Amino acid sequence: MKKLWLIIAACIGIGVALAAAGYALGGSYSFYLNKLRLEPVDTVPKIIEQKDMQAFQDILVDADFSSIVVEQGETYGVNIRYAGRAPQLECKDGRLVVRIGGEEPMSMNRINIGWFGVNPNEYYVRVTVPAGVILKNINITNESGLVSVTDIDCRALKVTGEFGKIELRDINASDIEAYSESGSQTFEAVHATGVLACETEFGSATFRDISAAEMSVTMENGTLQISAATIGATQIESQFGSVGVDINGQSLYVACENGDIHIAGDITDSIEVKNEFGEVKFEAAAPVSAFSGEMNTEFGSVRVNGAKAGNHYALRGGSTALHINCENGSIEANFR
């Protein structure tokens, strides 16, 4: 039995040594499927850099396995670090197009042996735009890796990511849309004159110093935090995770299946909150006389300015509509 284990250990040792030698000589630990054939992945990094490009107003970036950065710079430029198949890079008629991926090596259709693989942050697309430029449309799609847009003015911004963080900072636009399957989203100093829309399946979303005419947030699993926000109409739908909102605006709608809700700020027209499992805390910027509506809970209690009010509390005479309903959880409301 000992001899068998010695043979197994020797075989493993020889395999590791041969694999390391092959890798040192330029081999690859990664493969991809190409028409039912295993092909080695070229993981040797290559760089494309173009400075002082012709001006562009539209940006389209589509990558399988890279970090994507769009930011302010001295000139119109592109810097790409990739491996394997050369990316498509075109700047024509005011439109910049960068496409990276396919069957190899950035694709998720790959096989890695051992602990060696491709880190999406090793490869990148960086686009720079001079200060003072107002772009028309930015459309970014990324399967895996960071997407970061910083200090940019544009008409419309759309970001779609499957796995990785989305970070938007110092953005001025008409409409902004962000979607991710798995990964956090961060919006900081982001201002939209039209619609700001965020959707995530697994991951948190954080908004700080934002404004928009309309805002829509849809979350399946993750925490939501909004602060220092001025929004005309806000709609939030969350399945699993806490919701924290500090907003000044006209209307607010929040629906949550499972998680605590904390609302603060100055909402002038209407507030509607629905929670199935979790507590609701409401911090009003106005006195109780400014509201009309009701607060109800099936399993829990209602407290108004610290005083118990059973499981139902009616508000009368105010101009701001307030409706809070909990199926299982308590409601705490504090008025000025």
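Quantities reported herein were computed from a predicted structural model and do not represent experimental measurements. The first residue of the sequence shown is numbered 1, and numbering continues consecutively from there.
Closest approach of E181 to E162, counting heavy atoms only: CB-O, 3.3 Å. For the residue pair M295 and A333, the shortest heavy atom distance occurs at SD-CB, 3.7 Å. Contact between I261 and K274 at its shortest, heavy atoms only, is CD1-O, 4.2 Å. When all heavy atoms of Q72 and A131 are compared, the pair lying nearest together is OE1-CB, 3.2 Å. Of all the heavy atoms in G145 and N142, the pair that sits closest is O-ND2, 3.4 Å. In terms of heavy atoms, G241 sits closest to S238 at O-OG, 3.7 Å.
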### Pair E122-R81, side chain to side chain contact (heavy atoms under 4.5 Å, CB included): steps then yes or no
CA-CA 8 Å; E122 294 179 2; R81 190 176 193 263; 4.0 Å; yes

### Residues Y76, V129; criterion side chain to side chain contact (heavy atoms under 4.5 Å, CB included); working and verdict
CA-CA 5 Å; Y76 291 94; V129 179; 4.2 Å; yes

### Message
For Y179 and E201: C-alpha separation, side-chain torsions, deciding distance, then whether side chain to side chain donor-acceptor pair (under 3.5 Å) applies.
### Response
CA-CA 9 Å; Y179 168 80; E201 295 187 16; 2.6 Å; yes

### Stepwise side chain to side chain contact (heavy atoms under 4.5 Å, CB included) test for V127 and V69
CA-CA 6 Å; V127 179; V69 177; over 6 Å; no

#### Entry: Worked verdict on D64 versus I100 for side chain to side chain contact (heavy atoms under 4.5 Å, CB included)
CA-CA 6 Å; D64 282 354; I100 301 179; over 6 Å; no

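Between the side chain of N275 and the backbone N or O of G259 there is at least one donor-acceptor pair closer than 3.5 Å. One N or O on the side chain of T297 and one on the backbone of G329 form a donor-acceptor pair closer than 3.5 Å. Between the side chain of R336 and the backbone N or O of A285 there is at least one donor-acceptor pair closer than 3.5 Å. Of the possible donor and acceptor atoms, one in the side chain of D175 sits under 3.5 Å from a partner among the backbone N and O of V195.
Between atom CG of residue L224 and atom OG1 of residue T200 there is a gap of 10.5 Å, rounded to the nearest 0.5 Å. With rounding to the nearest 0.5 angstrom, the CD atom of E283 is 6.5 Å from the CD atom of E332. The structure places NE2 of H262 at 9.0 Å from CD of Q225, a figure rounded to the nearest 0.5 Å. Summarising the geometry, atom CD belonging to E272 is positioned 7.0 Å from atom NE2 belonging to H323; distances are rounded to the nearest 0.5 Å. For the atom pair F282 CZ and I324 CD1, the distance stands at 6.0 Å (nearest 0.5 Å). Between the CG atom in D62 and the CG atom in N139 there is a gap of 8.5 Å [rounded to 0.5 Å].
Counting heavy atoms from C-beta outward, F187 and L196 have side chains that approach closer than 4.5 Å. For the pair I48 and V78, the minimum side-chain heavy-atom distance is 4.5 Å or more. Side-chain contact between V61 and T141 is absent, with no heavy atoms from C-beta onward closer than 4.5 Å. Counting only heavy atoms from C-beta outward, the side chains of I171 and I176 approach each other to under 4.5 Å. Contact check for V97 versus L89: no side-chain heavy atoms found under the 4.5 Å cut-off. In this structure, I267 and N248 have side chains that are not in contact, with every pair of non-hydrogen atoms separated by 4.5 Å or more. Between V273 and I263 there is a side-chain heavy-atom pair separated by less than 4.5 Å. For the pair I166 and T186, the minimum side-chain heavy-atom distance is 4.5 Å or more.
Residue pairs that meet the side chain to side chain donor-acceptor pair (under 3.5 Å) test with at least one member in residues 228-237, sequence neighbours left out, are Q235-E237. Residue pairs meeting the ring pair (Phe, Tyr, Trp, His ring centres under 6.0 Å) criterion with at least one member in residues 129-150: none, sequence neighbours excluded.
A chain of hydrophobic side-chain contacts below 4.5 Å, direct or via other Ile, Leu, Val, Met, Phe, Trp or Tyr residues, connects V133 to V70. Under a hydrophobic clustering in which Ile, Leu, Val, Met, Phe, Trp and Tyr are joined whenever their side-chain heavy atoms come within less than 4.5 Å, directly or via other members, V254 and F277 fall into different clusters.
Residues that satisfy the side-chain contact (heavy atoms from CB on, under 4.5 Å) test with T128, not counting sequence neighbours, are E71.
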Side chains of residues 204-214: which donor-acceptor partners sit under 3.5 Å, not counting sequence neighbours?
from: R208; atom 1: NH2; to: E188; atom 2: OE1; distance (Å): 3.1
from: S211; atom 1: OG; to: H191; atom 2: ND1; distance (Å): 2.7

In a table with atom names and distances, give each donor-acceptor pair under 3.5 Å that connects a side chain of residues 304-320 to protein atoms at least two apart or in another chain.
from: N305; atom 1: OD1; to: F335; atom 2: N; distance (Å): 2.7
from: H312; atom 1: ND1; to: N296; atom 2: OD1; distance (Å): 2.2
from: T320; atom 1: OG1; to: T268; atom 2: O; distance (Å): 2.6

Between side-chain atoms of residues 52-60 and protein atoms elsewhere (two or more places apart, or another chain), which donor-acceptor pairs fall under 3.5 Å?
from: Q54; atom 1: NE2; to: C91; atom 2: O; distance (Å): 3.0
from: D58; atom 1: OD1; to: N137; atom 2: N; distance (Å): 3.0

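Within 6.0 Å of atom CD in E298, more than 12 heavy atoms from other residues, nucleotides or ligands are found, so the atom counts as buried in its surroundings. In I134, the CD1 atom is not crowded: 12 or fewer heavy atoms of neighbouring residues, nucleotides or ligands sit closer than 6.0 Å.
Each of E199, Q185, K165 was evaluated against S180; a single residue qualifies, Q185, per the side chain to side chain donor-acceptor pair (under 3.5 Å) test.
Using a 4.0 Å cut-off between a side-chain N of Lys or Arg and a carboxylate O of Asp or Glu, E279 and K281 do not qualify as a salt bridge.
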